Amino acid sequence: MSLRIEPPILIGLVFIALILATGTAYTMVTQGTATFISPPYLLQQLHFGAFLGITAAGMMMVILLGHIDLSVPWTLAASAMVGTAVGGVAGDFTALGVGLAVGLINGIGVAVLRVPSMIFTLGVNTVLLGLMVMLTGGFAPQNAATPLMTFLGSLRTYGVPHSVVVWALVSASLIFVLNRTPLGRYMYAIGNEEAAAYLSGVRTRLVIIAAFMICSLCAAVAGLCLAGYSARAFQAMGDQYLLPSIAAVVLGGTNILGGQGKYSGTVVGVVLIVLLQSMLSVMQMDEAYRQMIYGAVIILMLLIYSRGRAQTA
Amino acid sequence: MEDGAMAAEPAYLEMRGISKNYGGVHALTDVDFAARRGSIHAVLGENGAGKSTLIKIVSGVVAPTRGTMSLDGAPATFGSPLEANAAGIVCIFQELSLMPDLSVADNISITDPPRNRLGLIDTRAQRRRAEELLARVGCEDIDPRERLKNLPLSRRQMVEIAKALGRNPKLLILDEATSALTSADVKKVYSILHALREEGLCLLYISHRMHEIEELADTASVFRNGRHIATFAKGAHSDDEIVQMMIGRDWSNVFPKKPERTAAPEPALEVSNLNWAPTLKRLSLSVGKGEIVGIGGLDGQGQRELLLALFGVLRGVSGSIKVNGAPVAIGSPAAAKRPENAIALIPEDRKTEGLLLPMSVAENITIAALPWLTKGLVIDRSAEAEKIREMVARMQIKVGDLDAPVATLSGGNQQKVVIAKWLLTGARIILLNDPTRGIDVGTKQEIYQLLRSLAAEGAAILFYTTDYDELIGCCDRVLILYDGAIVRELAGTEITETNIVASSLNLPGEGAAA
Amino acid sequence: PEVVEGPGFMPECFAPWSADTKYFQWEAKEPPYKIALVNGFVGNIWRIQMIQTAKAFAEQDEIAPLIEEFKIVSTGTDAAAQLGAIEDFINQGYDAIITIAVSPTGFDRVIRLADRNNVVLVPFDNVLDTDKVMMVNEDQRAMGEMSANWLIEHVGNSGKILEVRGVPGNSVDRDRHEAFREIMEADGNDFEIIEVVGNWAPGDSQKVTADAISVHGQFDGIYTQGGTNGSVQALMDAGHPFVPVAGEAENGYRKQIAKHSDEGLKGLSFGQSPGLVAISMKAAIEALQGNKLPQLISVPVPVVDYTSIKDGENFWSELPDDFFTPNEFPPCGVNITAPEIMAKTKDDVK
Amino acid sequence: MKTLRLILTQNLGLILAVVLFVALYSIYVALHPNWGLNVVLQNGNETLALIFVGMAQTMAVLVGGLDLSVGPLMTLTNCFGSHVMAGTGGSVVAGVVACLALGSACGCLNGCIIVYGRIQPIIATLATGAIYIGLALLLRPTPGGAIDGDLAWAFTNDINELGMTYGWWGDLGLFGKIPAQPIFLALVVVLVWAPFKRSATGRGAYAIGSNAHAAYMSGVRIDRSKIAAFTLAGFFAACAGVYLTMQMGSGNADAPQAAEYTLRSIATVVIGGTSLYGGSGGVIGTIFGALVLRSISFIFRVVPGDSTFGFVASPLLQPFFEGLILLFAVSLGAARVFRVRNRLSLFT
Ligand SMILES: Nc1ncnc2c1ncn2[C@@H]1O[C@H](COP(=O)(O)OP(=O)(O)OP(=O)(O)O)[C@@H](O)[C@H]1O
Ligand SMILES: Nc1ncnc2c1ncn2[C@@H]1O[C@H](COP(=O)(O)OP(=O)(O)OP(=O)(O)O)[C@@H](O)[C@H]1O
Ligand SMILES: [Mg+2]
Ligand SMILES: [Mg+2]
């Protein structure tokens with residue numbers, strides 16, 4: 001409730017500044033322009049960031065509960081693929097429906113069957129992959145983006161990509177849910193101590209299912225946008241979003257064990273990761289060095305963060 | 001201070017000028033403390049007085065902000081419990097330090113297992129050792145191979161004591177180590193402690209049960225608000241004086257007066273033929289509006305399960321439950337707390353079942369009542385803040401910052417938060433599972449008064465406790481459970497210690513003939 | 001197999017890789033045969049199309065009588081599982097095993113076993129770094145060279161070029177990249193080449209292309225190893241003028257060329273065809289019948305550019321974008337067009 | 001009787017995994033036209049690396065964490081091994097030792113970052129995993145490196161072939177038909193895992209997973225046990241890398257493969273009955289977990305296409321059914337949920 005900036009967010013912002021500075025230095029030297037801090041470049045990064053941002057927003061909901069959703073990649077892809085296959089407005093709704101359905105299944109597996117989310121969602125991911133192989137192989141489905149997808153994913157108004165607006169709306173809704181509604185409070189409660197939440201008369205199963213449905217719905221929305229951006233849906237389109245979305249949530253200060261974290265941190269984490277990836281790509285670093293720098297930056301940030309925590313404690 | 005007579009023998013443990021701050025909280029301020037070999041030294045004080053903090057410093061769990069400590073004349077500082085252990089300091093903490101997934105034997109020899117020639121753990125020797133130690137504390141019934149998590153809390157506490165004995169302590173600290181034990185077990189522990197004293201150990205004993213202190217302690221130190229108030233020999237002060245030292249105010253009449261009753265109260269909760277095989281058998285009871293009904297008996301006779309069954313936690317319960325005369329089916333705590341049922345449960349273990357430790361005091365107070373504090377989909381923040389303020393005032397919860405994690409409160413205040421949480425839901429039927437465990441006399445008194453005033457307002461209270469004094473002092477009627485069934489109902493003057501003890505063992509009591 | 005002198009069987013179909021490619025001959029066996037296809041990863045359309053083609057080919061009138069059992073398994077990206085599956089089929093007594101290798105090395109053991117048991121093992125597409133086994137592929141280096149030459153032809157001998165590479169560490173990526181660079185960096189050329197990694201995936205290609213454009217400004221030409229439609233999409237999104245693009249054979253990319261070639265999207269589209277599987281199966285069947293075949297069979301690279309592109313012939317405007325266009329190889333009797341595979345199984349499933 | 005009850009109730013997860021494996025593998029054996037020891041050998045070859053990676057994951061899970069770098073670490077040691085294990089005789093042995101040392105060192109680094117940096121294992125190893133893949137790519141920008149072919153053959157075969165390849169011994173009859181993989185596995189289990197489990201450090205690892213706070217309060221050397229567990233995870237991952245190197249004869253910095261192994265390793269641990277919350281279970285269960293996982297894919301190779309269940313193995317449905325069976329296998333434990341009579345016990 002206070003306006004104090006949390007340490008992880010602060011550290012994240014510092015790192016973002018560092019990345020921008022490094023990138024700018026690089027482009028200044030190589031081509032004499034300060035591309036990295038030019039508005040078009042930054043907007044473009046936000047545009048990419050939106051896909052990751054929407055996915056990570058959903059991921060944060062389940063991480064807050066102390067769970068994780070490894071089915072995000074193929075939930076994203078399946079929503080988009082089924083959506084484009086159906087086509088039109090019906091397709092858009094179907095895509096969201098696929099997201100909700102996957103979330104419901106994940107939620108039931110985790111909350112009712114009480115299979116650890118780590119493994120249940122992994123299985124669901126494999127099943128979704130199988131379903132999409134079946135779909136593509138059997139029916140030569142259409143995969144061109146629907147008009148709504150194109151509108152959301154690739155069009156801009158006054159230079160602002162609509163995806164960024166979607167991300168902002170998703171963020172606003174989730175901030176609302178987390179801070180203002182009982183559901184949000186219950187999510188934190190379950191993340192901290194499920195038994196205590198249950199004994200407080202919280203319908204823990206429903207809350208867990210809801211969180212997983214939000215997560216998958218976010219993945220589906222990201223799928224819609226991404227399909228629009230790429231003009232079509234394709235297999236494996238979500239593969240690039242799993243580990244970065246987890247990393248973004250954790251870099252933003254959400255406890256991977258659940259119960260603690262602020263949404264604004266996730267946004268910072270997403271921007272950080274997108275800019276880092278972009279910088280490494282632009283600097284034409286070898287894949288080997290890119291991976292190593294990526295890993296090292298994450299560790300460095302977390303180390304600084306945990307140092308800070310150790311001192312205040 | 002009245003320690004002139006004992007100055008002859010040098011202190012084994014000596015602490016000088018010890019202070020400990022947690023942020024702005026002064027848990028301990030400039031404390032001087034000393035304890036001798038061959039004596040049992042009681043540490044007394046209200047909740048939050050700083051007792052646990054003191055022993056955490058002794059046992060290396062936290063480092064003091066200021067001050068020095070010496071052991072046997074040599075300066076000592078411990079960076080971790082491990083280092084303190086190495087120096088012969090063994091502590092049984094308020095929260096047990098046992099590993100639920102390991103076997104009892106593993107737990108007992110966790111740091112110093114017997115080894116074979118290869119340096120590997122000799123499991124057979126370890127098992128024998130566990131058997132010996134368990135026998136020493138009179139718990140031959142515990143199989144050392146059993147996983148700890150399959151034991152009830154009281155047995156776990158005994159395992160913890162066996163584990164501590166196995167470490168050959170020079171200084172043994174018990175921080176409310178007997179809070180969940182039955183009186184039979186407590187007796188065994190006493191005799192062990194006496195034997196240890198004869199062996200020349202230095203023992204620190206923390207408990208809120210005054211009679212325990214009386215029976216055990218040679219010396220007592222009283223703390224209040226993080227300060228050392230006095231140290232004196234056994235018998236130097238009366239109980240009332242000690243309690244006054246602890247709470248710093250006049251103290252009399254622990255239990256509020258019971259109301260006189262002319263007619264039977266209108267029943268709020270009626271249970272008949274409740275079965276939950278194999279633990280609960282054909283239980284029938286009723287609790288009237290304005291009535292406090294106690295549940296007694298030896299530990300583990302189904303009391304806990306009875307409360308859970310009424311609160312919708314158990315599956316496969318048969319029998320009928322009526323609330324205000326209407327039959328209800330309660331399938332979950334969520335159903336139990338609905339306004340038409342208005343049932344609340346103060347659970348056994350406040351740390352894992354009652355509280356969300358890292359969340360704020362405020363959030364903990366309202367977590368159960370949120371459905372009533374919601375407008376549309378949104379939490380009504382001003383109403384919420386208002387209710388929290390009301391509750392904090394009504395329960396006299398000592399809290400600095402309402403947004404601070406509830407974990408930072410002392411045990412008694414945490415328990416008040418749990419009760420406040422349920423009062424906020426407007427519960428009319430209140431189930432309590434040993435709510436005063438580990439709570440100081442001052443706070444206990446507040447809780448008794450609170451229960452009585454709730455009853456006076458028409459609430460029905462079902463109150464399980466291991467403390468006979470509470471059953472006698474607090475309850476209008478007492479139901480004694482034995483092996484999952486109600487063997488005796490005591491009312492009015494029948495509620496005496498002898499009757500309770502006798503019925504708990506399923507023997508006819510003195511009033512039975514009448 | 002025995003190493004023998006050429007020429008081999010049906011040279012118009014089974015062309016040797018080079019003049020010094022050796023020939024193999026197996027003892028003839030009586031048909032019908034048990035044949036297995038051990039695929040790796042399945043989660044992309046190329047692989048699915050490949051599987052469909054294999055199934056369709058096995059059911060063709062002239063092939064079906066020769067096959068007793070045709071089994072397809074997909075083992076994921078796990079090399080050990082793929083090797084295990086191949087060995088399992090050898091143990092089960094299969095006569096021939098077709099595979100797309102997960103790794104270019106590490107097949108020594110199954111090659112030994114196949115030879116001991118007289119099993120014809122045919123890796124294709126992702127081939128092995130060995131000459132002990134019969135393989136079928138298109139020339140990856142040729143694709144790199146072709147792209148470089150074509151870009152030089154359309155851009156000139158200098159300029160700023162964007163190279164979008166494939167999956168790091170993969171030998172196909174390495175071959176295409178090295179051959180491309182050799183020509184581009186040869187004497188007389190003066191190119192500034194910006195290199196990014198697109199993983200052959202349209203989404204990745206699009207993202208890195210967009211990034212590169214926003215940082216490096218305008219390019220004079222682009223070479224994308226895969227996910228080409230993504231790169232072109234990024235061009236259009238960024239408002240970058242159309243420039244010559246050399247890329248893969250995705251249907252979407254060819255649609256883009258057809259649509260925008262007069263606006264300057266001069267495109268070259270070459271492709272690794274999923275139809276390779278059919279040629280590999282045919283090679284295996286011929287080998288089992290005792291015919292001489294080259295150790296390394298070269299399949300011509302199907303290539304079109306903006307001048308030769310034609311709807312319904314080398315791309316299909318009604319089919320999805322990810323569809324890989326080249327599928328038929330008439331000299332080999334492989335006549336399964338892209339729309340056919342899709343249409344066929346649609347009925348099948350019903 | 002009591003003993004039996006204790007053994008049964010304390011090893012339910014393991015027993016379930018064994019039963020599942022026996023059931024699935026029996027189907028495979030029944031449908032296989034030529035099942036024999038050579039098929040067992042092949043199955044072992046296919047499974048051993050996964051078993052080792054699963055064992056690595058088990059170590060992290062036991063202390064209540066997850067190690068997302070086990071796959072990358074296997075890949076790194078594989079690439080490293082493809083350099084140092086080339087050659088003959090003593091230098092190969094030295095190479096194997098070097099690989100195991102590298103893996104253990106990386107595992108130890110994970111442990112140190114987690115313990116001293118106070119970072120959650122899952123996220124620390126997500127980052128170090130990227131670093132290890134980067135290093136692997138540095139060592140092997142493209143696949144390659146040649147291990148002596150005879151060596152690769154001899155050590156991934158049965159006892160007979162080992163002797164005959166090097167002329168050490170001839171045909172030893174039935175004894176000689178024992179495949180090498182179970183022997184390697186047994187060696188690692190007996191020489192590394194068993195002593196660890198019986199050591200104070202190893203039991204400390206269980207204690208941490210069961211209740212870290214209580215373990216600390218009891219004086220368990222938390223740091224040492226945790227670092228040891230992650231070091232051992234690195235060691236097991238290196239065993240997988242070394243075996244993969246012998247099997248493939250080369251190194252390949254294959255990131256997708258590394259990711260697949262990491263994810264599958266989690267599945268092997270869960271199916272093997274180790275609780276993801278830590279503190280109970282062990283590598284024996286994981287071995288069966290890996291066998292279950294592999295048996296699922298074995299079956300697809302032998303299901304006759306024209307039988308009633310043939311459609312299951314049809315190439316485009318197979319990934320779906322594979323996922324479904326996996327989902328089913330990991331949900332088996334859910335049976336417990338419906339037997340639970342005190343809902344509070346669901347939360348622990
Ligand atoms: N973990 C939980 N979190 C929230 N609510 C729960 C939980 N467990 C049970 N409940 C509630 O209890 C109700 C019944 O639970 P459940 O379906 O598990 O009972 P059951 O197995 O059908 O038992 P019974 O036969 O006694 O009804 C549900 O409506 C649900 O709201
Ligand atoms: N980790 C902590 N952070 C902040 N404050 C703390 C912490 N631990 C204890 N305190 C505070 O220090 C004071 C002393 O607490 P302590 O636990 O020593 O009391 P106690 O005498 O043991 O009480 P009880 O009888 O309830 O166990 C209390 O006010 C408590 O709120
Ligand atoms: Mg205390
Ligand atoms: Mg029910």
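Just so we're clear, the structure is a prediction, and the values are computed from it rather than from any experiment. Labels below follow one simple rule: chain letters A, B, ... track the order of the sequence lines, proteins then strands, and each chain is numbered from 1.
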Worksheet item: Who pairs with B:Asn150 by side-chain hydrogen bond (donor to acceptor under 3.5 Å, both in side chains), at least two apart in sequence or on another chain?
Response: B:Glu146

Worksheet entry | Pairwise side-chain hydrogen bond (donor to acceptor under 3.5 Å, both in side chains) hits with a residue in residues 94-106 of chain A, at least two apart |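 Non-adjacent pairs meeting side-chain hydrogen bond (donor to acceptor under 3.5 Å, both in side chains): A:Ser71-A:Asn106.
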
Hey, does [Y] have a side-chain heavy atom less than 4.5 Å from the side chain of [X]?
X: B:Arg394; Y: B:Leu423; result: yes
X: B:Leu28; Y: B:Ile57; result: yes
X: B:Pro358; Y: A:Tyr188; result: no

Checking heavy atoms, do the side chain of [X], its backbone, both or neither come under 4.5 Å from chain A?
X: B:Ile367; result: both
X: B:Thr366; result: side chain
X: B:Phe311; result: side chain
X: B:Arg350; result: neither

Only distances under 3.5 Å count here; give the side-chain donor-acceptor pairs of residues 50-66 of chain A to other protein atoms, sequence neighbours excluded, each with its distance to 0.1 Å.
residue, atom, partner, partner atom, Å
A:Thr55, OG1, A:Phe51, O, 2.6

Worksheet item: What's the verdict on side chain to side chain contact (heavy atoms under 4.5 Å, CB included) for A:Ile208 and A:Glu194, showing C-alpha distance, side-chain angles and the deciding distance?
Response: CA-CA 10 Å; A:Ile208 294 174; A:Glu194 194 177 354; 3.4 Å; yes

Discussion item. Are there residues of residues 368-380 of chain B whose heavy atoms fall under 4.5 Å of chain A's heavy atoms? If so, which?
Written reply: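 Under the 4.5 Å heavy-atom cut-off, B:Ala368, B:Leu370, B:Pro371, B:Thr374, B:Leu377, B:Val378, B:Ile379 qualify.
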
Practice prompt. Measure up the A:His162 and A:Phe151 rings against each other and bin them: parallel (under 30°), tilted (30 to 60°), perpendicular (over 60°).
Written response: tilted

